[in-house]
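Structure record follows, encoded as structure tokens.
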Amino acid sequence: MSSAVAEPEVPGLPELEGHFTATIEHADRIEPRDWMPDGYRKTLVRQIAQHAHSEIIGMQPEGNWIGRAPSLRRKAILLAKVQDEAGHGLYLYSATETLGVSRDELTEMLISGKQKYSSIFNYPTLSYTDVGTIGWLVDGAAICNQVPLCRTSFGPYGRAMIRICKEESFHQRQGYELLMTMMRGTDEQRAMVQESVNRFWWPALMMFGPPDEDSSNTEQSMAWGIKTHTNDELRQRFVDMSVPQAKALGVTLPDPDLVWNEERGQHDFGQPDWDEFWAVVKGNGPCNAQRIAHRKQAWDEGAWVREAATAFATAAGEEKSA
Amino acid sequence: MSDTIRAEWPLYEVFVRGKRGLNHVHVGSLHASDDHLALRHARDVYTRRNEGVSIWVVRSTDISASSPDEKDPLFAPSGDKVYRHPTFYDIPDNVPHM
């Protein structure tokens, strides 16, 4: 965008900071062309890009089962879901670009490992049941994370989240319905559901990030209105939501310490294996290398399409101006 | 490959009319190689669930915008004209339909 009106005198730094802080304090939104501190911009680029990358990489574990879905109905649902993940990635990439990063740079940073994506997508989908469990637990955890982000202080991020949350509800419900269908099936199918839930429960809890005392970015992010809840608050909320859902489904959650605490009015629960979490974040999860290699392959093999479209547009433009 | 072909596709802003009778509203942006593909991509990215009956796409570089820094001077002329609002006028409660 260009500015059609004459630029006014440039305000000083204290004035700019004051205006920024006042906007945050009023719970008003910061928009892309507003002045913002470098740290705020950097934190947002890191967080929104990581979120975008997660949506894009998140297409892989479930995409794995599109060709093997058990019915046309399930296949259509799964296709729609994976297409949504692509769409969510695009909304978020657009939001990141308003902060002055290019799409190509973002793709490069994902492929080179300079930027991360959610550790959950480094776990494999071993059976079709995992499609249901991912919908229920992984998308359920994502919703817990994302609903508060609809009110985040950066306008484009909040607007992307509103759009995503509307669509995410379908993701969770289709997963839960899939699992319910299997629970009404044979003993073998019920065992498949339980096994899948056992594998995904702890990685789902890790999706909220490290415990508050180890989360270096939380305090500043909350002061800036980027985050509105801590990791542990959201994890607690997710556990409390999931327990009755597990009961209705007829599965157990694989945590011996999970118990209702009357005094707190919340569940007590055990901690995930944080050593495993950090190992996966650092690139040593079961599927890290495979996920990135697949993304790189798709990017490289799509190059000729991008180039052909650009060449076509250039030729058409030249013809018009000739 | 030349630099022009390597270059990123231009950015488009997308506006969607939710249903007949409503304005087109800005919904987001996307990259596309030309106007035609921008419309196609906009359909796939922004209207997967009947969100619209009409789409506009426009290159971001073709939009002229007021600068956020000059918000105050630009909009100041309307700030002190309270008489432009209906609530400025005291009308007795017993006057109907006003």
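To find a chain, count down the sequence lines: A is the first, B the second, and so on, and within it residues start at 1. Treat the numbers as computed from the prediction; the structure is a model and nothing was measured.
Only the side chain of A:F312 comes within contact range of chain B, judged by heavy atoms closer than 4.5 Å. For A:E31, no part lies near chain B; criterion is any non-hydrogen pair under 4.5 Å. Proximity to chain B (any heavy atom under 4.5 Å) is restricted, for A:R163, to the side chain, taken from C-beta onward. Contact annotation for B:R59: neither backbone nor side-chain heavy atoms come within less than 4.5 Å of a heavy atom of chain A.
Between the side chain of A:Y91 and the main chain of B:V45, a donor-acceptor pair closer than 3.5 Å is present.
Closest approach of B:D34 to A:A313, counting heavy atoms only: CB-CB, 3.9 Å. In plain terms, the two heavy atoms of A:G87 and B:R48 that are nearest each other are CA-NH1, 3.9 Å. Across all non-hydrogen atoms, the minimal contact from B:S29 to A:S94 is O-OG, 3.0 Å. Heavy atoms only, all atoms of each residue included: A:A309 and B:L37 are closest at CB-CD1, 4.2 Å. Across B:S66 and A:R33, no two heavy atoms sit closer than the pair O-NH1, 2.8 Å.
Dense packing is recorded around NZ of B:K81, with more than 12 heavy atoms of other residues, nucleotides or ligands lying under 6.0 Å away. Residue B:N50 places its CG atom among 12 or fewer non-hydrogen atoms of other residues, nucleotides or ligands, all under 6.0 Å distant. Remark: A:D300 CG is packed, more than 12 non-hydrogen atoms of other residues, nucleotides or ligands lying under 6.0 Å away. Heavy-atom contacts from other residues, nucleotides or ligands closer than 6.0 Å to CG of A:L13 number more than 12.
By number of non-hydrogen pairs under 4.5 angstrom with chain B, the leading residue of A:K166, A:R159, A:E97, A:H88 is A:E97.
Going from atom CD of A:E105 over to atom CD of B:E8 covers 8.0 Å, rounded to the nearest 0.5 Å.
Contact annotation: the side chain of A:R103 never approaches that of B:W9 to less than 4.5 Å [non-hydrogen atoms, C-beta and beyond]. The shortest side-chain heavy-atom distance between A:D84 and B:R49 falls under the 4.5 Å cut-off.
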